[in-house]
Amino acid sequence: MRKTFVIVGAGFSGTVLAANLLRKPPLEGAEVVLIERGAAMGRGVAYAAHEFPYLLNVPAARSSADSSDPLQFLRFAQTRLSEVGGDDFLPRALYGEYLQDLLLQAERAAPSNVRLLRVFGEVTGVRLSEHGVSPAARFADRAPIVGDALILAPGNPSAPLPPWAAGLRGHFAFRQDPRDLPDTLTEEHSVLILGNGLTMADAASALSRHPQRVPLLHTISRHGLIPKTQARLHTDVMRGGAEALLSVAHSLRKLLRACRDLAREIESRGGDWREAVAVIRNLASDLWQRMPHVERRRFVRHVQVHWDIHRHRLPPQLAERLDNLRRSGKLRIGAGRIHDVAAVGRRLRISWRPRGTAMTGEMTVDLLVNATGPNYNIERSEDALVNSLRSSGLVSADALNLGIRTARFGACVDAAGSVSRCLYYLGPLLRAGHLDATAAAELCIHAERLAAHLTLRG
């Protein structure tokens, strides 16, 4: 009997999974139901079309959504843009076009007993049969869609609303969406961007798009650290031995020492510390899974912010723009915490405490942008589907609130600790069990493994 796979979410993860199921379906055939609550499939929030050209933070030659064809995206980009090279950092919207084409090509090449069904609508919950199988995606305005397996792929969760921002919803000067930015600011205005990561860099770049009228940009994050810059890698500098250097580390302290030794070894051979990060990234899941809980907690508390700025890096042209803004005095990077925000007409007065001091500072700005990045703590989620799944006990948070608890192939672990036979999760919340699961390269591998599992399972 033909199998039905229901995929909730048609961003990167859902689209790539659907393409894999279409390319290598079960012998008996399959119906792949791809559900998207947005206006377009294959884009999601990350790769939606915007007037401002937000850039990928990975070069074209390392952005393929097919691990067996590393240059697939580069070839696609070369059909759309002239003189594109493998080291170029291209627009995110172009990557959305690539994902749409990837799905279309997989659909066209699928066997006759395999069908892709596109559904636009918002899934409000999931229902299982009394035997814990036959998952059904529920909607508010249409009949449920039942499948043999249901895969949750809703994409990156939105940033959490800070406690002090509860009364700011709808205020002219507050933006919870860091891409919903006005194009009317001038050098006479000031902006505070909350966060110092990649989302901050995107927001600062968009706000400074007009060189003759750049507003004064402030940023605040707990540590005041911004991402490092990408560079061209020569991954053949370190051949073998990396696993041995890291496998003997049975504590976080020893692991950090081994990572530093690895970086020094690579640099001594003429390489770059970023190549060490690439090696560690490939081993991150195994290293994380063997790490005791107490060491994981120590990592999250003391090390993760440093790992993130070295792991998730800026495209060179974006880093250069930030450097120019800082040198000109138009961008001021801060470290600290916001205590309170009060509306003063169409402006906002911010009370905050700089890191390492007991003093409280104040500033009044024309715009406050929440660029803190995704909220991986599902206990604080504002997403209706996630809250429904959590309240029904079908999914559960990990002990460190990094994401969703999953077992092999992304099978969801419910509130009682049981592994589901038909409900799966694919996306950045896999970081709970793998640490590094937010980039296309890692999610591509997870999607391929899950597709193979779904195809072969009885």
Side-chain angles (χ1 to χ4, degrees), residues 3-26 30 32-38 41-47 64-67 95-96 99 102-103 106 116 118-119 123 126 135 137 145 147-157 284-285 288-289 374-376 378 381 383 385-386 388-390 394-398 402-414 419-457:
K3 295 180 179 179
T4 299
F5 304 117
V6 180
I7 304 172
V8 181
F12 177 89
S13 296
T15 299
V16 173
L17 175 63
N20 275 280
L21 289 170
L22 292 168
R23 284 196 295 258
K24 298 179 181 179
V32 179
V33 183
L34 187 58
I35 306 172
E36 171 57 34
R37 61 184 173 185
M41 293 196 173
R43 286 191 176 275
V45 175
Y47 308 117
S64 174
D66 184 345
S67 67
Y95 199 79
L99 291 176
L102 179 79
L103 182 63
L116 173 66
R118 294 176 172 86
V119 176
V123 176
V126 174
I145 298 178
D148 297 286
L150 188 148
I151 301 90
L152 303 165
N156 248 329
S285 182
W288 182 250
Q289 289 172 7
N375 171 30
Y376 297 115
I378 66 171
S381 175
D383 185 274
L385 175 58
V386 172
S388 172
L389 291 163
R390 186 172 56 82
L394 293 178
V395 302
S396 56
D398 68 301
L402 295 177
I404 287 178
R405 282 201 299 166
T406 56
R408 199 176 181 199
F409 303 115
C412 292
V413 178
D414 66 19
V419 178
S420 177
R421 293 177 289 167
C422 60
L423 183 63
Y424 298 83
Y425 172 80
L426 176 64
L429 296 181
L430 285 172
R431 65 201 294 270
H434 300 273
L435 179 62
D436 207 36
T438 57
E442 284 77 27
L443 290 175
C444 169
I445 298 297
H446 285 293
E448 291 170 356
R449 290 173 179 171
L450 175 54
H453 167 70
L454 293 172
T455 296
L456 295 174
R457 74 175 196 154

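FYI, side chains are in, hydrogens and waters are out, and symmetry mates aren't considered; it's all heavy atoms of this structure.
Rounding to the nearest 0.5 Å places CG of Leu17 at 11.0 Å from OH of Tyr424. We find the CG-CD1 distance between Leu429 and Ile378 to be 7.5 Å, quoted to the nearest 0.5 Å. Here the CG atom belonging to Leu450 is positioned 9.0 Å from the OG1 atom belonging to Thr455, to the nearest 0.5 angstrom.
Between Tyr376 and Leu402, every side-chain heavy-atom pair lies at or beyond the 4.5 Å cut-off. Between Leu102 and Arg23 the shortest side-chain heavy-atom distance falls below 4.5 Å. A 4.5 Å side-chain heavy-atom check between Tyr425 and Pro154 finds at least one atom pair inside the cut-off. Contact of the Leu21 side chain with the Ile7 side chain is registered, since non-hydrogen atoms from C-beta on lie closer than 4.5 Å. Residues His434 and His446 form a side-chain contact, since some pair of their non-hydrogen atoms from C-beta on lies under 4.5 Å apart.
Here the closest heavy-atom approach between residue Ala65 and residue Phe12 is recorded as CB-CE1, 4.0 Å. Here the shortest heavy-atom pairing between Trp288 and Arg431 reads NE1-O, 4.0 Å. Shown here for Leu22 and Ala106, the closest heavy-atom pair between the two residues is CB-O, 3.8 Å. When every heavy atom of Leu385 is checked against every heavy atom of Asp383, the shortest pair comes out as N-OD1, 3.0 Å. Contact record, Leu454 with Ala149: CD2-CB, 3.9 Å, taken as the closest heavy-atom pair. When all heavy atoms of Cys412 and Val395 are compared, the pair lying nearest together is SG-CG1, 4.0 Å.
Residues meeting the salt bridge (charged side-chain N to carboxylate O under 4.0 Å, His left out) test with Glu448, sequence neighbours left out: none.
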Discussion item. Leu426 vs Val16, test: side-chain contact (heavy atoms from CB on, under 4.5 Å). Steps then yes/no.
Written reply: CA-CA 10 Å; Leu426 176 64; Val16 173; over 6 Å; no
Practice prompt. Before giving the answer on side-chain contact (heavy atoms from CB on, under 4.5 Å), spell out for Asn156 and Val45 the whole-Å C-alpha distance, their side-chain angles and the decisive distance to 0.1 Å.
Written response: CA-CA 8 Å; Asn156 248 329; Val45 175; over 6 Å; no
Discussion item. Using side-chain contact (heavy atoms from CB on, under 4.5 Å), reason through Val6 and Val123 one step at a time and then give a plain yes or no.
Written reply: CA-CA 11 Å; Val6 180; Val123 176; over 6 Å; no
Worksheet item: For Leu34 and Leu103, what are the C-alpha separation, side-chain angles and deciding distance, and is it a side-chain contact (heavy atoms from CB on, under 4.5 Å)?
Response: CA-CA 11 Å; Leu34 187 58; Leu103 182 63; 3.7 Å; yes
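One N or O on the side chain of Asp148 and one on the backbone of Thr4 form a donor-acceptor pair closer than 3.5 Å. Within the 3.5 Å criterion, the main-chain N or O of Asp414 finds a donor-acceptor partner in the side chain of Arg405. Listed for the Ser381 side chain is no donor-acceptor partner under 3.5 Å among the backbone atoms of Pro157. The backbone N or O of Pro428 lies less than 3.5 Å from no partner atom in the side chain of Thr438, so there is not a single donor-acceptor pair.
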